[in-house]
Amino acid sequence: MNYLYVARVKDLPESQPQKAEAGESEVVLIRTGETVRAFQSKCPHAGAPLEKGAVCEGHLVCPWHKAVFDISNGAWREPLALASLRQYPVRVEEGKVYVSPKAMSPALRAQIRGEETQTFVILGTGAAGSAAAITLRDEGFNGKLILIDREREAPYDRTALSKFVPAGKMKISEVPHPLDENFWQQPGVEVIREEVESLDPALRELRLESGETLTFDKLLLATGGAPQRPELPGNRLKGVHLLRSIEQADALLKEVDREQQLVIIGNSFIALELAAALRNQDIDVTVIARHALPFAKQFGEEAARGFRELHEQNGVRFVTGEPQALEGDEHVHSVTLKDGRKIAAQVVVFATGIKPVTGFTHTLIQEEDGSLRTNNRLEAAANIWAAGDIASYPAPEGLRRVEHWRVAQQQGRVAALNMLGKQEVFDRAPFFWTTHYGTRYEYLGHAESWDNYKFIGSFAEKKFIALYGEAGLLKAVLSCGYYTGTAALLLRMQQPITVEEAQEIILSAQG
């Protein structure tokens, strides 16, 4: 095997990723004590530079979307990456590091778990369902694996539909699919494209729309949420849209392209991501919402003002008010507000939240919002787990439900491990990101209220940290431009930490 000199051991800081070149292979080197390991230099999810990531508790955390990898072997432990890192052979001689430009062969599949006669069913193949499916196979499950989804195109990355596709940076046909052809061709994997009408937990049966009954040994419910269409006159006129599926995105964007205009009702994350993406295409965008400041409940007024000003500077018009009706003959032509104002509108999209798709789970415990109550291992009933937008799970403040892609993937992975008997608790610190005008804003943790708020930096200059604390402990962080620092903090937030400690970790890791 050919080894190439890449670095001196003394030049590699302890537990700090360093990029190097081994011939035509770019690698990231990680030294722990006297051991040096080499992995591919870019995250398999979106190509983030892993030398800007952080090493924490034996793991490498991606700087962009916070995928987590085991530094002993490169195995993926947390999404968004759903694949492990390629590892390269390393030799250390006389204080010098040599790396082979040829990656090692992939690790063998984990020890077989489960019986070949078992049938596991995953209902819903979005973020949670696809992560669960990959986890089951990675962990060696060799029974029958049935995936059910009503959408023909699923699974795919829905986050692209409000970020990259409307910005013109990605075609509908280029939206990533987490389960590739190799996955579907594995023995024992089956897909059913059909609605499920009912669930009988006692009999462990699903009744499909066709009338067929499907029996399972273990079931993961990952049906996600359905976008809400407010009960307003004219809400089904032509030109009025929802946005969640590929079909809905395609129809909306084709009409927007014709009209060069869009009115968005609601100022949610999807609403303003869509607004920013379309302004990249010079589309005329108006946002109508009851509250003047977007994200004020999540981030507080200072950051909320920053987001509104950012969008206004880029040409988005904001109208504060509550819609009363959508006017038009067959096609929408305006939105009437409760105070009598009329807003011209040839194309409208509702971005007013989702409702968990759980109507068929009549005998399971549901919360007021329609989500399923789970225990800390995401079990909703015996042999049944729930993950993603439909799951309300125990957290320090009580039951918590988070509607974000990475959390759904994390829950899908944990649920899959527990379907295999692992008994793993879901206690992760939530993380999500939102993209506006080419800049990524990150949110770590979860804060419904706070008594300690600290803002460092400048929103306008896209370099800041906002820390939210309660009773002396950190609850959440909103940041921009501190991607290495937040990577260093994320795993540390699994345990109690003060606001001051969090600030120090972010700033010191950022260098």
Side-chain angles (χ1 to χ4, degrees), residues 44-47 64-65 79-82 124-131 133 147 149-184 191 193 222-229 238-266 268-285 331-332 346-352 354 357 388-389 403-406 408-409 432-438 440:
H45 166 244
W64 288 1
H65 305 111
L80 279 117
L82 300 178
T125 62
S130 55
L147 289 83
D149 203 298
R150 63 185 181 276
E151 281 193 66
R152 292 288 170 187
E153 300 87 354
Y156 53 87
D157 186 345
R158 294 185 195 276
T159 66
L161 302 182
S162 62
K163 293 179 172 74
F164 309 120
V165 173
K169 298 178 180 179
M170 180 184 292
K171 297 177 182 178
I172 287 278
S173 60
E174 296 171 339
V175 172
H177 292 256
L179 303 180
D180 59 19
E181 287 301 318
N182 291 332
F183 180 87
W184 297 113
V191 62
R193 302 290 183 182
T223 44
Q228 294 304 286
R229 189 185 294 269
K238 292 180 180 178
V240 179
H241 298 262
L242 301 174
L243 176 59
R244 187 161 178 88
S245 71
I246 277 184
E247 287 184 353
Q248 290 169 339
D250 191 39
L252 169 65
L253 295 176
K254 283 178 178 175
E255 192 159 9
V256 167
D257 187 55
R258 287 197 303 270
E259 300 294 339
Q260 292 292 295
Q261 173 268 344
L262 178 65
V263 170
I264 303 173
I265 296 179
S268 62
F269 290 106
I270 286 179
L272 291 198
E273 286 178 354
L274 179 61
L278 290 175
R279 287 302 299 148
N280 187 66
Q281 302 263 61
D282 205 28
I283 302 297
D284 183 275
V285 177
H331 197 285
V332 66
Q346 295 300 313
V347 191
V348 175
V349 64
F350 286 117
T352 49
I354 65 168
V357 178
D389 294 350
E403 297 175 0
H404 293 297
W405 189 262
R406 183 177 187 269
Q409 287 188 318
F432 77 90
W433 79 101
T434 183
T435 303
H436 304 261
Y437 307 102
R440 189 171 65 259

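Scope of the values below: all heavy atoms of this structure, side chains included, with no hydrogens, waters or symmetry mates.
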Subject >> Test item: Glu255 side-chain N/O and Val347 main-chain N/O as donor-acceptor pair under 3.5 Å >> reply: no
**OP:** Measure the shortest side-chain to side-chain distance between Gln248 and His241 over non-hydrogen atoms and say whether it is less than 4.5 angstrom.
**Re:** no
Original post:
Within the distance-only criterion (no hydrogens, no angle test), does the side chain of Thr125 pair as donor or acceptor with the backbone N or O of Asp149 below 3.5 angstrom?
Top reply: no
Subject >> ring-ring contact (aromatic ring centres under 6.0 Å, His included) against His45, all qualifying residues, sequence neighbours excluded >> reply: His65
Original post:
Under a 4.5 Å cut-off applied to non-hydrogen side-chain atoms, are Arg158 and Arg244 in contact?
Top reply: yes
Subject >> Contacts of Glu403 that satisfy salt bridge (Lys or Arg N to Asp or Glu O under 4.0 Å) - sequence neighbours left out >> reply: Arg401
**OP:** Could you go through the side-chain hydrogen bond (donor to acceptor under 3.5 Å, both in side chains) check for Glu151 and Ser245 one step at a time?
**Re:** CA-CA 8 Å; Glu151 281 193 66; Ser245 71; 4.6 Å; no
**OP:** Using modelled atom types only, decide if a donor and an acceptor are shared between the side chain of Arg406 and the backbone of Pro79 within a distance under 3.5 Å.
**Re:** yes
**OP:** Give a yes or no answer on whether the side chain of Gln228 reaches the backbone of Ala226 with a donor-acceptor pair at less than 3.5 Å.
**Re:** yes
Subject >> Side chains of Thr434 and Glu273, donor plus acceptor under 3.5 Å >> reply: yes
**OP:** Answer yes or no: are there more than 12 heavy-atom neighbours, outside Gln260 itself, under 6.0 Å from its atom CD?
**Re:** yes
Subject >> Flag, side chain of Tyr156 to backbone of Pro178, donor-acceptor distance under 3.5 Å >> reply: no
Original post:
If only atom types and distance count, is the side chain of Asp389 paired as donor or acceptor with the main-chain N or O of Gly224 below 3.5 Å?
Top reply: no
Subject >> Enclosure of Leu262 CG (heavy-atom neighbours >12, cutoff 6.0 Å) >> reply: yes
Original post:
Do you know which two heavy atoms are closest between Leu278 and Pro166, and how far apart they sit?
Top reply: CD2-O, 3.7 Å
Original post:
Sequence neighbours excluded, which residues qualify as salt bridge (Lys or Arg N to Asp or Glu O under 4.0 Å) partners of Asp282?
Top reply: Arg279
